[in-house]
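This chain uses plain numbering: 1 for the first residue, then up along the sequence. Just the heavy atoms: all of them, side chains too, but no hydrogens, waters or symmetry mates, feed the values below.
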Amino acid sequence: MTAVTIRNLPEETHRALRVRAAINGRSTEAEIRAILEDAVRPEGRVKLGSLLSDIARRAGVKNEDVDALEQALGKRPAEPLSFE
């Protein structure tokens, strides 16, 4: 797990973080983690898997097609990578 140090944080901001943490029943550190998580990974973000599934549905790919592809891929070993 990565650690982050925040320097020169105004006392008023630190106090507001402590109050917000107390209201939410968390430590100040846990509150800061929650704020950062919400800021950089918003709930409405587009996820790659969801996007690919949506594209496949619009292209007419059905569950049976996916099952057949998974079955075919499972029976054949992957080709080794070549760096030539």
Under 3.5 Å: donor-acceptor pair, side chain of Asp65, backbone of Lys62: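 Yes, Asp65 side chain to Lys62 backbone: donor-acceptor pair under 3.5 Å.
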What donor-acceptor contacts under 3.5 angstrom involve side-chain atoms of residues 20-34, with partners at least two apart or in another chain?
unit_1, atom_1, unit_2, atom_2, d
Arg20, NE, Glu31, OE2, 2.7
Asn24, ND2, Arg20, O, 3.2
Asn24, ND2, Glu31, OE1, 3.3
Asn24, ND2, Glu31, OE2, 3.0
Arg26, NE, Glu31, OE1, 2.7
Arg26, NH2, Glu31, OE1, 3.2
Ser27, OG, Ala30, N, 3.0
Glu29, OE2, Arg33, NH1, 2.9

Partner residues of Glu64 under the salt bridge (Lys or Arg N to Asp or Glu O under 4.0 Å) criterion, sequence neighbours left out: none
Residues clustering with Val40 (ILVMFWY side chains joined when closer than 4.5 Å, directly or via others):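 Same cluster as Val40: nobody, lone residue.
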Donor-acceptor pairs under 3.5 Å, side chain of residues 1-16 to any protein atom, not counting sequence neighbours: which ones?
unit_1, atom_1, unit_2, atom_2, d
His14, ND1, Arg18, NH1, 2.7

Side chain to side chain donor-acceptor pair (under 3.5 Å) against Asp54, all qualifying residues, sequence neighbours excluded: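 Listed in chain order: Arg58.
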Residues in side chain to side chain donor-acceptor pair (under 3.5 Å) contact with Arg57, at least two apart in sequence or another chain: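 Arg57 satisfies side chain to side chain donor-acceptor pair (under 3.5 Å) with no residue once adjacent residues are dropped.
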